[in-house]
Amino acid sequence: MCGIVGIVQQQETKIGKTIIEALTKLEYRGYDSVGIASIFDNKVLITKDQGKISEVTERIDINKIKGKIAIGHTRWATHGPPTKENAHPHTDCSGEISVIHNGIVENFRALKEELLNQGHSFQSETDTEIIPHMIEQLVKKEDILLKEAIIQVVRRLEGTFAICVVSSLEPDKIFCAKRDSPLVIGINSDRMFCASDIPAFLDKTRKVVLLHDDEFVTLSSEGYEIIDFNTMVKIQRKPHIVSWKPEMAQKAGFPHFMLKEIHEQPNSLADYIRIKQPALNKIADKIYNAEKIFLLAAGTAHYSTLTGEHLIRKYAKKSCSAIISSEYESITSLIDEDTVILPVSQSGETMDTIMAIKNAKELGASILSAVNVIGSTITRHSDEVLYLYAGPEIGVAATKTYTAQTIAMWDIGLELGKLSGEIDNSEYLAARKLFQEIPTVVKQTIVRNEARANHIASWFAKKNSSFYLGRGLNLQTANEGALKMKEISYIHSEAYPAGESKHGPIALVEEDYPVVFVAPKDQTNKKMISNIMEMKARGATAIIVMEEGDKEIEELAKWKLEVPKGYSEMLTTIPYIIPLQVLAYYTAVRKNLNPDYPKNLSKVVTVL
Ligand code: GLU
């Protein structure tokens, strides 16, 4: 995920400033580095550096960037850390062809190998840099016209991309192509824009054309031409006028980033599943051969590590513990060369976790991490990293990064099951098939529960306190659900193992007291029924996250939240959290609170 923008206009202006203004509107999509390619005097000029827009523009004078045509990029690194060299735009060997890219080229290794054999040299570690070199190869060595060359190149790319190309070979045009990553065109009378998202140019024009997958666009200051890059058929698409306010546009029409990010989960999970990570098997092997295993995390990530702990015990048949990072002290006496530490973090900058892994490393442990932000401190201290590929998360309350962390735990768990023989080959293949279906199930779960959660929220919003009860694997779903509720709606919410609730919590239950149960149809189901009965007998109001069609449970619920059938054991911790995310979101909204910025909390906790 990153922000890309392009401008081609009739007049020569200080175009760098306009590009930076547009990129600033897209900063929620990426903030690792900033770069611009402009054409002046028939030469491509690249200006780029590491850091946020505000930092980079302090170091470079963007007013110096003049011209009629430019493209700009804010990066969310996926291949190679956030350095100046890895910042986009990237160019070919001659510096005449310049490319910005949003997405991941999955077959870049093979293509890079081919280009290296043809004599191309590379300046970055990115997947993107192969694109200008591939274009160069066709244009310069095979005499193919620039437009045709770009089309041939994008046809060979596997993965996701939205790219913009400018070149001194055709200095008055921007060429764009997309598959899966977003790209839109904005139209003014004397200039044309292209961008990852509408907010980039919303203050300049409301006339917009949305591009579809496998489309190629030629932009000039006079207009645009769209073709299907597979069939070469010309596509006629008229612009439409958007009525969004700029603030709404950044959130893709959702009222809050949190709701947008909840809805992004089918895509972020699909990205995680699609991208093959060489680190996965190495991590599984090292865990399998380790004597001692500790998972380390803070906040929401801790609840994902509880899924990891459960799966490592079950599938690797190894003793292992999920430790809260700030409690690391309690295990230091156990750490040595035979220890594996598995830190899990969204930002990779959580100070408690960083301090713990630095110490563990000194004591000889292997550090195998699962992190969202590439190049972050935790990744730099790790022996192996499994990336979460969830993209930037703006809402302080973690949603899509929790499901990404949890799917990473399942990914490791399934490999361990195969290694230990705990899962036989047919079970493994069945589990992997289910794994592929997770994005669809998550999508169905969001659609099915939003209106229900909103309705329940009107009642929940009036409460001061609640319990969330779960058993087994879904104790962590209850924990994470309670955390979401307390952090954004400020209603005291406490999670308990359902069986333990009679040893204390039940004393607080009175008429109409909210108790949320996570009750999938698995081996915990019968016992959960008894726990629900116990609570109801004291007047509790039962809100139950249950499997669709589970009649016995349904009869006990005042309100049900439903997950599609078939996920009662494998992978439950992913779909079962979804209704609890939407319940917390709508409860905060009903209380007129802004779920994106809860008081006293910050997204990245860099203090001890
Ligand atoms: N895969 C590219 C990179 O790592 C693009 C990432 C993005 O979408 O910002 O540079």
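Note that the structure is a prediction, hence the values are computed from the model and not measured. Order of listing sets the numbers, starting from 1, for every ligand and every atom in it. Start at 1 with the first residue, then count along the sequence.
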Query raised in the report: Taking 4.0 angstrom as the limit, do E415 and K282 come out as a salt bridge?
Result: no
Requested in this report: Please name the residue in the list D213, D228, D214 that meets the salt bridge (Lys or Arg N to Asp or Glu O under 4.0 Å) test with R179.
Outcome: D214
Report task. Output the list of atoms in ligand 1 that are nearer than 4.0 Å to some heavy atom of D127, sorted by atom number. Result -> 1 (N), 2 (C), 3 (C), 4 (O)
Requested in this report: Would you mind finding which of H90, H73, R75 brings a heavy atom closest to atom 10 (O) of ligand 1?
Outcome: R75
Report summary line: Contacts satisfying side-chain hydrogen bond (donor to acceptor under 3.5 Å, both in side chains) that involve residues 156-166 (not counting sequence neighbours) are E114-R156
Query raised in the report: Looking only at heavy atoms of G80, does any of them come nearer than 4.0 Å to an atom of ligand 1?
Result: no
Query raised in the report: Under 3.5 Å between some N or O of ligand 1 and some N or O of W76?
Result: yes
Report summary line: Counting heavy atoms under 4.0 Å, the part of T128 that contacts ligand 1 is side chain
Query raised in the report: For ligand 1, is there an N or O atom under 3.5 Å from any N or O atom of I104?
Result: no
Query raised in the report: Do NZ/NE/NH1/NH2 and the carboxylate oxygens of K25 and D203 come within less than 4.0 Å?
Result: yes
**Report entry** Side chain, backbone, both or neither: the part of N102 lying under 4.0 Å from ligand 1 by heavy atom
**Finding:** both
Query raised in the report: Is the shortest side-chain N to carboxylate O distance from E21 to K204 below 4.0 Å?
Result: yes
Report summary line: In ligand 1, the atoms that come under 4.0 Å of a heavy atom of H79 are 4 (O)
Query raised in the report: Considering residues at least two apart in sequence or located in another chain, which fulfil the side chain to side chain donor-acceptor pair (under 3.5 Å) criterion with H256?
Result: Y585
